[in-house]
Amino acid sequence: MKRLLYMLSFIIFSLFINMEVVKAVSTANTGIYEVKIRSLPDVSSLELGMIPAATTITLLSDTEKTGSGCEGKSWFKINYNNIEGYACSAYLSSINWENISSGSGDTDNENDIDLDAIYKQELEKFPASYKSKIEALHKIYPNAIFKAKNANVNFNTFATVQYQGYNKYELSGCPYGLTKGVSLLEDTSRSRDGLKSLDSWAYNPLTDTFNTNFTGGEQNRWYIPSLNTVKYYLDPRNFLNTQNIFMFEELTYSGDYYTEAHIEKLLEGTFMHRKNVTGKANTTFAKAFLDAAKKNNLSPYFLVPRVVQEVGTVRTTMISGTWRGYSSAYYGYYNFYNINAAGDTKDETIKNGLEYAKQMGWNNEYDAIVEGASFISNDYISVGQDTTYFQKFDIYGPCYGLHQYQQNIEAPYYESYKTYNGYNSTGMLNSNFVFVIPVYNNMPASTKLDDSRNSNNYLKDLTVGGSTVEGFKYTKNEYTINVSPLISSIEIAATKASSKSSVKGTGKVQLTGTSQTQEIKVTAENGSVRTYKITVTRNADIPIKISEILNTMLINSDGKYISGINIKMKANEFIEKGKEVDKNATILINDGKKKDEILATGDEVKITSGDETKTFKVVIYGDVDGNNTIDKLDALAILRHHYKYVTHSNEFKEAADADKNGVVDKLDALAVLKNYYGYSNIEQ
């Protein structure tokens with residue numbers, strides 16, 4: 001935020017009207033760039049401070065080219081914000097040396113900056129994809145300066161840094177590493193899955209769970225954003241609009257244009273509105289922020305949104321002064337800017353933040369606000385990270401991204417709204433802002449956010465006939481299975497990886513030809529579709545499965561028992577019927593000992609087809625005693641079981657359940673008697 005010193009010309013004009021002779025002040029402007037204040041007229045001398053762009057300063061004297069490092073021009077002794085030092089005249093404009101000014105009437109203000117000329121000059125430094133948006137913003141903010149800053153790094157390279165960090169020495173000249181989690185996305189309700197990373201280190205597609213175990217991020221709240229999401233929030237062009245432009249505003253203090261009343265408007269809706277701080281008598285939070293801004297050369301319109309972004313609008317643990325964790329070692333301390341507040345758990349995060357506050361002696365609200373702001377000023381503003389955008393995205397190499405204030409990738413986006421609302425509510429939107437907007441190398445034509453809904457359209461399992469398809473992988477989409485010619489249908493089932501997706505194409509599928517393909521379509525919550533294909537081929541060379549033999553014989557089987565056998569069917573009849581289905585099959589009843597006898601409950605049937613062998617027990621419903629007849633003795637056996645005189649088990653208990661309702665009782669005995677007397681037959 002930078003403004004011209006318009007009050008000076010107004011005061012001089014008023015004095016002229018009163019026909020008074022006054023001493024004029026020699027002045028100059030810093031133009032579109034910041035200018036350093038040196039202790040001596042030499043570039044190697046101590047740096048006392050930084051003068052913001054578009055600022056009028058007072059000239060005290062001309063050193064007449066003494067010292068070095070000023071491109072052959074004079075060093076001027078100057079005064080800015082009560083700091084006296086030296087500035088190189090090569091970086092000053094509208095230089096006006098005056099001793100006396102008198103008379104009446106209007107005078108030209110030679111110190112006015114030609115904003116239109118600066119605007120046109122700076123506009124040419126932006127790529128074409130920026131210009132139309134800058135032009136639109138210029139109409140909204142005609143007094144603002146829009147500066148292009150060459151980030152000097154490829155856009156995709158820097159986006160990858162923000163996405164996954166890097167290892168030691170991976171970046172040329174950088175001896176440090178940057179861990180995964182340098183940028184995180186907040187999602188407390190699992191409603192933004194489509195904006196999150198699907199890489200294996202950030203997401204498990206089979207359980208539809210996202211990793212939240214990153215340093216500095218609370219569990220089930222902070223997630224790794226996708227690379228597309230990172231690119232969107234990194235791309236300045238997405239935020240060149242009326243409100244978000246303030247993420248690019250220079251954050252240094254710009255003179256006495258702020259008041260407590262202005263800051264109170266910023267604090268509306270927070271616990272700090274019209275309340276006093278501890279640590280300094282009769283001092284409001286608004287006054288504390290104003291003091292912090294002046295002392296640390298920062299805009300209060302940056303400090304207040306930063307605090308709200310970091311600790312919220314209500315009094316949270318970090319700024320309550322009442323935390324009793326860790327044996328109350330940090331009771332009575334405050335950290336309004338969440339400095340050093342990082343950890344794997346919520347308590348660890350609070351502890352680290354309050355431990356820093358204790359080390360700094362911030363045992364009251366006033367000091368925590370005023371002195372805490374110096375951390376931002378010294379550690380970020382002074383090294384060139386003088387916008388909320390640059391504090392989130394550290395573009396200064398070779399260790400890109402290493403020095404960043406927060407992990408929240410959306411922090412500049414949200415803070416810019418608060419800043420805009422502050423200016424708007426106080427009628428300051430016509431001020432002389434300076435917006436510093438980065439330009440990256442090799443930028444894409446555009447960037448955009450993906451659909452925020454869940455994108456998981458994978459299957460966790462895919463089965464045919466109850467068995468997982470051979471070679472199934474959730475990333476593999478096409479499968480081929482061979483079945484015997486006897487198979488007339490298959491049963492397909494699928495297990496979704498995400499509960500938010502839907503599946504079509506499962507269930508019973510009739511086979512009508514030699515080969516056919518069934519598609520199973522999985523539709524994610526965001527509408528994206530993944531198609532799995534199963535091609536089923538009926539092949540005469542495929543050994544017939546035992547289940548297929550039994551199905552063709554119309555024999556029921558649950559893998560343990562077989563039923564559905566005609567009453568009075570002999571063993572050799574059963575064998576011949578099976579051989580008609582598969583002539584190569586081997587069928588033995590009671591180890592081959594039973595051939596011409598009638599099948600009864602308890603008989604053992606052993607079937608071998610190819611490499612498959614299975615053994616079953618025969619169940620003839622109603623034949624409880626296993627003598628191959630259904631008579632009154634079977635009814636008696638059922639009643640004895642019902643009244644617990646005896647207990648039947650296994651295939652005999654199964655045969656006793658004549659009505660197949662899962663319970664052996666008097667009704668089963670009645671069904672046996674009806675069958676015996678010819679009133680009705682028991683269905684096998």
Check whether any side-chain heavy atom of [X] sits under 4.5 Å from a side-chain heavy atom of [Y], and report yes or no.
X	Y	result
Glu355	Lys351	yes
Asp634	Leu636	no
Glu651	Glu604	no
Thr601	Phe652	yes
Ile620	Val618	yes
Thr537	Ile481	no
Lys617	Ile562	no
Ile567	Ile630	yes

Mind telling me whether [Y] and [X] have parallel, tilted or perpendicular rings, with 30° and 60° as the class edges?
X	Y	result
Tyr326	Tyr330	perpendicular
Tyr413	Tyr417	perpendicular
His641	His648	parallel
Phe472	Tyr532	tilted

May I ask you to decide if [Y]'s main-chain N or O and [X]'s side chain share a donor-acceptor pair within less than 3.5 Å?
X	Y	result
Ser498	Lys500	yes
Glu348	Gly343	no
Gln404	Lys392	yes
Lys521	Val529	no
Lys674	Ser680	no
Ser467	Val464	no
Asn675	Ile682	yes
Asp451	Gly194	no
Tyr679	Tyr676	no
Asn167	Glu170	no

Write down the atom of [X], the atom of [Y], and the distance for their closest heavy-atom approach.
X	Y	answer
Ile598	Asp603	O-OD2, 4.1 Å
Gly165	Val182	N-CG1, 4.4 Å
Ser609	Ile546	CB-CG1, 4.2 Å
Leu195	Thr229	O-OG1, 2.8 Å
Val624	Ala637	CG1-CB, 3.9 Å
Asp623	Thr629	OD1-O, 3.3 Å

Establish, from distance only, whether the side-chain atoms of [X] and [Y] form a donor-acceptor pair under 3.5 Å.
X	Y	answer
Asn238	Thr447	yes
Asn338	Glu310	yes
Thr209	Asn204	no
Asn442	Asn156	no
Ser502	Lys496	no
Asn340	Asn352	no
Thr468	Asp461	yes
Thr613	Thr608	yes
Ser528	Asn526	yes
Thr531	Glu519	no
Tyr163	Ser197	yes

Between the side chains of [Y] and [X], is the shortest nitrogen-to-carboxylate-oxygen separation below 4.0 Å, so that they form an ion pair?
X	Y	result
Arg453	Asp193	no
Asp235	Arg237	yes
Lys614	Glu612	yes
Asp208	Arg190	yes

Could you state the interatomic distance from CG (Asn477) to CG (Leu462), rounded to the nearest 0.5 Å?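 Going from CG on Asn477 over to CG on Leu462, the span is 10.5 Å.
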
If you count the non-hydrogen atoms of other residues, nucleotides and ligands that lie under 6.0 Å from [atom1] in [X], is the total more than 12?
X	atom1	value
Lys476	NZ	yes
Lys579	NZ	yes
Lys545	NZ	no
Gln510	CD	yes
Glu683	CD	no

Evaluate the criterion side chain to side chain donor-acceptor pair (under 3.5 Å) for residue pair Ser226 and Lys231; output intermediate values, then yes/no. CA-CA 9 Å; Ser226 69; Lys231 289 181 178 181; over 6 Å; no

Salt bridge (charged side-chain N to carboxylate O under 4.0 Å, His left out), paired with Glu186, selected from Arg221, Arg192, Lys196: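 Going through the options one by one, the only one that passes is Arg221.
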
Report yes or no: is the cationic atom of Lys660 (NZ for Lys, CZ for Arg) closer than 6.0 Å to the six-membered ring centre of Tyr621, at no more than 45° off its axis?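 Because its charged atom sits under 6.0 Å from the ring centre and within 45° of the axis, Lys660 does stack over Tyr621.
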
Suppose we call two aromatic rings close when their centres sit under 6.0 Å apart. Are Phe239 and Tyr232 close by that rule?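 Centroid distance Phe239-Tyr232: below 6.0 Å, so yes.
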
Do the ring centers of Phe158 and Tyr440 come within less than 6.0 Å of each other?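 Between Phe158 and Tyr440, the centre distance is under 6.0 Å.
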
